[in-house]
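As structure tokens, the structure follows; a few thoughts come after it.
As the structure is a computational prediction, the values presented were derived from the model and not from experiment.
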Amino acid sequence: IVGIALGVVVALVITMSKLVSIEPTLVGAFISGMVAISAMILPGISGSFLLLLLGTYSFVIGAIKALDFTVIFVFSLGCGVSLLITARLIVWTLSRYRDVTLAFLLGLMLGSINKIWPWKQTLSYRLNSSGESVPLEQVSVLPSEYAVLTGASADIVPALVWFGFGLVSITVIVVALKLSVRRENSGVTNGNV
């Protein structure tokens, strides 16, 4: 319970955070790489979203477009260092505190539902790398509020259908995997390897 609660809180804090500004320097690129790749390992958190929160998304994307190999290298170095540290930390926690670690990761996924919640009110916009205006700050609202605020349909029925489809798909996959493991284990114990 504590692991799930902690994961939910961490995910909510990340997804509801205000922008932080990291200087667009090589040190900023290294830190951005460390943070972004950590998010890619952890479920439910987007690396590009964290770069937006850090204020370095445009800097990193600009460096990639301009083929600024110095910034790209330093960013990649930050990714590599963090990948090693984060992966080892997760393996270490899973080997010692498996249930709590899995509960924490589940909490991260549950807490990040706020970020993918489809019914949102946009508070501010930003320009993306293509110069298009895209939402920057949004707050989640109930489907009924969304319809009133935007004048658009909340499309609750299609959302529920796709949610049900996803739930059934995951259930089928998990059951199939468990049956496969059970068959493999029974074959090993019967000497049918």
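V100 and L102 are assigned to two separate hydrophobic clusters, defined by single-linkage of ILVMFWY side chains at heavy-atom distances under 4.5 Å. Linking ILVMFWY side-chain heavy atoms closer than 4.5 Å, directly or via other members, places Y97 and M109 in two distinct hydrophobic clusters. I156 and V141 fall within a single hydrophobic cluster, where Ile, Leu, Val, Met, Phe, Trp and Tyr side chains are chained together by heavy-atom contacts under 4.5 Å. L89 is not connected to I37 by any chain of hydrophobic side-chain contacts under 4.5 Å among Ile, Leu, Val, Met, Phe, Trp and Tyr, and they are in different clusters. Linking Ile, Leu, Val, Met, Phe, Trp and Tyr whenever their side-chain heavy atoms come within less than 4.5 Å puts L77 and I85 in one cluster.
Closest of all the heavy-atom pairs between V71 and A63 is CG1-CB, 3.5 Å. Nearest heavy atom pair, residue A154 against residue P143, reads CB-O, 3.5 Å. Scanning all heavy atoms of the two residues, the minimum distance from S82 to M34 falls at OG-O, 2.8 Å.
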- Begin from the C-alpha positions of V74 and V27 and carry the test side chain to side chain contact (heavy atoms under 4.5 Å, CB included) through to its verdict. CA-CA 8 Å; V74 172; V27 173; over 6 Å; no
- Query: Do L110 and I4 pass the side chain to side chain contact (heavy atoms under 4.5 Å, CB included) test, and can you show the C-alpha distance, the side-chain angles, and the key distance before you say yes or no?
  - Reply: CA-CA 8 Å; L110 291 173; I4 291 174; 4.3 Å; yes
- Task: Could you walk me through whether V10 and L108 pass side chain to side chain contact (heavy atoms under 4.5 Å, CB included), step by step?
- Result: CA-CA 7 Å; V10 168; L108 281 179; 3.9 Å; yes
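With rounding to the nearest 0.5 angstrom, the CZ atom of F30 is 11.0 Å from the OG atom of S76. Note that the CD atom of E184 and the CG atom of L179 stand 11.5 Å from one another [nearest 0.5 Å]. Between L106 atom CG and D99 atom CG the span is 12.0 Å, to the nearest 0.5 Å. The OH atom of Y146 sits 8.0 Å away from the CG atom of D155 when rounded to the nearest 0.5 Å. Between atom CZ of residue F69 and atom CZ of residue F75 there is a gap of 15.5 Å, rounded to the nearest 0.5 Å. D68 CG to F59 CZ: the interatomic distance, rounded to the nearest 0.5 Å, is 7.0 Å.
Crowding of I1 atom CD1: a count of heavy atoms from other residues, nucleotides or ligands under 6.0 Å not exceeding 12.
When atom types are taken as modelled, the side chain of T86 and the backbone of L83 share no donor-acceptor pair closer than 3.5 angstrom.
Each of V175, V181, V174 was checked for a side-chain contact (heavy atoms from CB on, under 4.5 Å) with K178, and the lone residue meeting it is V174.
Looking at heavy atoms from C-beta onward, W119 lies out of side-chain contact with T150 at the 4.5 angstrom threshold.
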